Asks: 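Encoded as structure tokens, here's the structure I'll be asking about.
This one's a predicted model, so the numbers in the text were calculated from it and none came from an experiment. Read the numbers this way: they start at 1 and go in the same order the structure lists the ligands and their atoms.
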Amino acid sequence: MARYTGLINKYREYLPVTDKTPVITLNEGNTPLIKADNLARAIGRDDLEIYLKYEGSNPTGSFKDRGMTMAVTKAVEEGSNAIICASTGNTSAAAAAYGAKAGVKCYVLIPDGYIALGKLSQAMMYGAKVIAISGNFDQALDAVKEISTNYPVTLVNSLNPYRIEGQKTGAFEIIEALEDAPDYHFIPVGNAGNITAYWKGYKEWHNLGKCSKLPKMMGIQAEGSAAIVKKQVIKNPQTIATAIRIGNPASWEKAEAARDESKGTIDMVSDEKIIEAYNLLASTEGILAEPASCATVAGIIKLKDTLKQNAKLVCILTGNGLKDPDSAIKYAKSPVEKTTSELKDIVKLLNF
Ligand code: F0G
């Protein structure tokens, strides 16, 4: 088998690239699809086949690498030497990494105080110019849209169509791994680019006869930021899942189209349920995904009685839990216990 060299090389016939395109890659994609029988049992639905698509194993630890390899590759191909994005953290980490790899300047705007520590460290280490604004993601996105219209810098948020092209390859990998599409596709919804991308990917391969059916798209938002569910822009979005703390999703209509065409749903879950799911996933499956990713697990739990018997579910775990150590330590059900270095004290605590 040929060495894996990233998703553009793997799926080039389905992507807008030519042999001359200068591929900027960190060997992203090819992420594991992990069967989660313990989770199915824990939620009282052991008839379900639940598969977790662990996007946290991408090079910068989130699904954003799929879109960013394409967006930065095309930016370079088109002669751009600077990229910009607004971000709740993961996009900025990915843009900064691919920007570094490509040797182009990277500018990121983030909501001050609402980005997980790991993500901020990444953007800083990869050498991006990081600007923290006293506003939320939606305001940062408005600013970068305006800036990229007026200055020579390429916007790499998911409004950039190449981001969607790269991200749709996640659907291809799922179809290859399951040898068909699943019955349900659970995915967190923030700015709504990823649900748009997966739906595009599934439809494209369905049209090519590579799968026999299409999944129901099950988008999950955080209650305090659930603009699509509540059918209104949220001026001051709130949630502990900072990655999806977004009140006016850029791909709102596309997400609704994915939901409606697939006869799926977009629902919401509370922070409390997200934290429960975060702990349950880690402690039953050995998978630490960041809180926004765990909104999907909370969504499965919320909707479990509506899912048909023996169904196959794929749940996209969008980001690595190591990105957000503060949340892990704050919300972990198993706290650190302290004692002296005396063996008897240690053994006492072990409580065998
Ligand atoms: N999960 C994680 C871990 C994310 O970082 C994001 C989005 C989403 C889910 C939602 O995906 O926006 O395509 O609906 N993060 C963006 C960012 C907004 O800036 O990193 P979406």
Side-chain angles (χ1 to χ4, degrees), residues 31 53-58 60-68 71 84-97 108-111 114-116 118-120 122-123 128 130 133 136-141 144 155-160 163-164 166-168 170 185-200 217-222 225-229 237 239-256 258-259 266 269 274 278 288-299 315-324 327:
T31 57
K53 181 80 170 150
Y54 190 51
E55 291 289 280
S57 78
N58 274 298
T60 78
S62 88
F63 74 97
K64 304 288 180 179
D65 294 351
R66 291 184 186 276
M68 212 51 80
I84 192 166
C85 65
S87 182
T88 56
N90 283 322
T91 299
S92 64
V108 306
L109 264 66
I110 55 168
Y114 289 93
I115 145 168
K119 303 173 187 179
L120 182 60
Q122 286 180 288
V130 180
I133 66 158
N136 59 32
F137 170 84
D138 303 289
Q139 291 160 317
L141 185 62
V144 295
L155 183 70
V156 294
N157 279 103
S158 57
L159 290 163
N160 178 325
R163 283 275 313 275
I164 304 297
Q167 285 172 212
K168 76 182 181 189
H185 179 99
F186 280 82
I187 185 164
V189 175
N191 214 23
N194 213 23
I195 190 171
T196 302
Y198 269 96
W199 183 234
K200 186 168 195 281
M217 299 299 286
M218 313 292 277
I220 307 293
Q221 298 197 289
S225 312
I228 300 175
V229 179
T239 168
I240 58 121
T242 52
I244 52 173
R245 184 175 169 271
I246 294 174
N248 189 12
S251 300
W252 189 320
E253 278 115 40
K254 289 183 180 141
E256 287 182 335
R259 175 194 66 195
I266 297 182
V269 290
I274 291 174
Y278 183 42
L288 184 58
E290 65 169 285
S293 307
C294 299
T296 47
V297 176
C315 172
I316 308 298
L317 297 179
T318 44
N320 196 314
L322 295 174
K323 282 176 173 268
D324 193 356
S327 291

Asks: Which ligand 1 atoms, with their elements, are less than 4.0 angstrom from a heavy-atom of S87?
Replies: 17 (C), 19 (O), 20 (O)
Asks: Could you tell me the separation between the CD1 atom of I220 and the CD1 atom of I228, rounded to the nearest 0.5 Å?
Replies: 11.5 Å
Asks: Counting distance only, does the side-chain N/O of N157 pair as donor-acceptor with the main-chain N or O of A86 below 3.5 Å?
Replies: yes
Asks: Indicate the atoms forming the closest heavy-atom contact of I266 with Q221, along with that distance.
Replies: CG2-CG, 4.1 Å
Asks: Check whether R245 reaches the backbone of F137 with its side chain - one donor and one acceptor, N or O, closer than 3.5 Å.
Replies: no
Asks: If we only count heavy atoms from C-beta on, is the S62 to T318 side-chain gap below 4.5 Å?
Replies: no
Asks: Could you tell me whether A292 and ligand 1 have an N or O pair separated by under 3.5 Å?
Replies: no
Asks: Nearest protein heavy atom to atom 12 (O) of ligand 1, by residue and atom, and its distance?
Replies: N191 N, 2.7 Å
Asks: Is there a side-chain contact between L155 and N160 (heavy atoms, below 4.5 Å)?
Replies: no
Asks: If the contact criterion is a heavy-atom separation under 4.0 Å, does P188 count as touching ligand 1?
Replies: yes
Asks: Number the atoms of ligand 1 from 1 as they appear, then name those within less than 4.0 Å of a heavy atom of T318, with their elements.
Replies: 1 (N), 2 (C), 3 (C), 9 (C)
Asks: Tell me: protein heavy atom nearest atom 4 (C) of ligand 1, and distance?
Replies: A243 CB, 3.5 Å
Asks: Given side chains that start at C-beta, do those of K200 and Q167 come closer than 4.5 Å, heavy atoms only?
Replies: no
Asks: Look at ligand 1 and say whether I246 reaches it with a heavy atom at a distance under 4.0 Å.
Replies: yes
Asks: Under 4.0 Å from a heavy atom of E290: which atoms of ligand 1 are those, numbered in the order shown and with their elements?
Replies: 3 (C)
Asks: Give me the nearest non-hydrogen protein atom to atom 8 (C) of ligand 1 as residue plus atom name, then the distance to 0.1 Å.
Replies: I244 CG2, 3.6 Å
Asks: Distance to 0.1 Å, residue and atom name: give those for the protein heavy atom nearest to atom 20 (O) of ligand 1.
Replies: T91 N, 2.8 Å
Asks: Could you find the nearest protein heavy atom to atom 13 (O) of ligand 1 and give me its residue, atom name and distance?
Replies: N194 N, 2.8 Å
Asks: To the nearest 0.5 Å, what is the distance between CE (M68) and SG (C85)?
Replies: 5.5 Å
Asks: Examine distances only and state if a side-chain atom of K53 and a backbone atom of T31 form a donor-acceptor pair shorter than 3.5 Å.
Replies: yes
Asks: Give me the nearest non-hydrogen protein atom to atom 5 (O) of ligand 1 as residue plus atom name, then the distance to 0.1 Å.
Replies: N90 ND2, 2.8 Å
Asks: For atom 15 (N) of ligand 1, grab the closest protein heavy atom and report residue, atom and distance to one decimal in Å.
Replies: K64 NZ, 2.9 Å
Asks: For G193, counting its heavy atoms only, list the atoms of ligand 1 lying under 4.0 Å from any of them.
Replies: 13 (O), 14 (O), 21 (P)
Asks: Are any of the heavy atoms in S158 under 4.0 Å away from ligand 1?
Replies: no
Asks: Taking all non-hydrogen atoms of both residues, which atom of N248 and which atom of N191 are closest, and how far apart?
Replies: O-OD1, 4.2 Å
Asks: Quick one: look up the protein heavy atom nearest atom 11 (O) of ligand 1 and list residue, atom name and how far away it is.
Replies: F63 CZ, 3.5 Å
Asks: Closer than 4.0 Å to some heavy atom of T88 - which atoms of ligand 1 meet that?
Replies: 15 (N), 16 (C), 17 (C), 18 (C), 19 (O), 20 (O)
Asks: Supply the atom-to-atom distance N90 CG to S293 OG, rounded to the nearest 0.5 angstrom.
Replies: 8.0 Å
Asks: Which atoms of ligand 1 have any heavy atom of V189 under 4.0 Å away?
Replies: 14 (O)
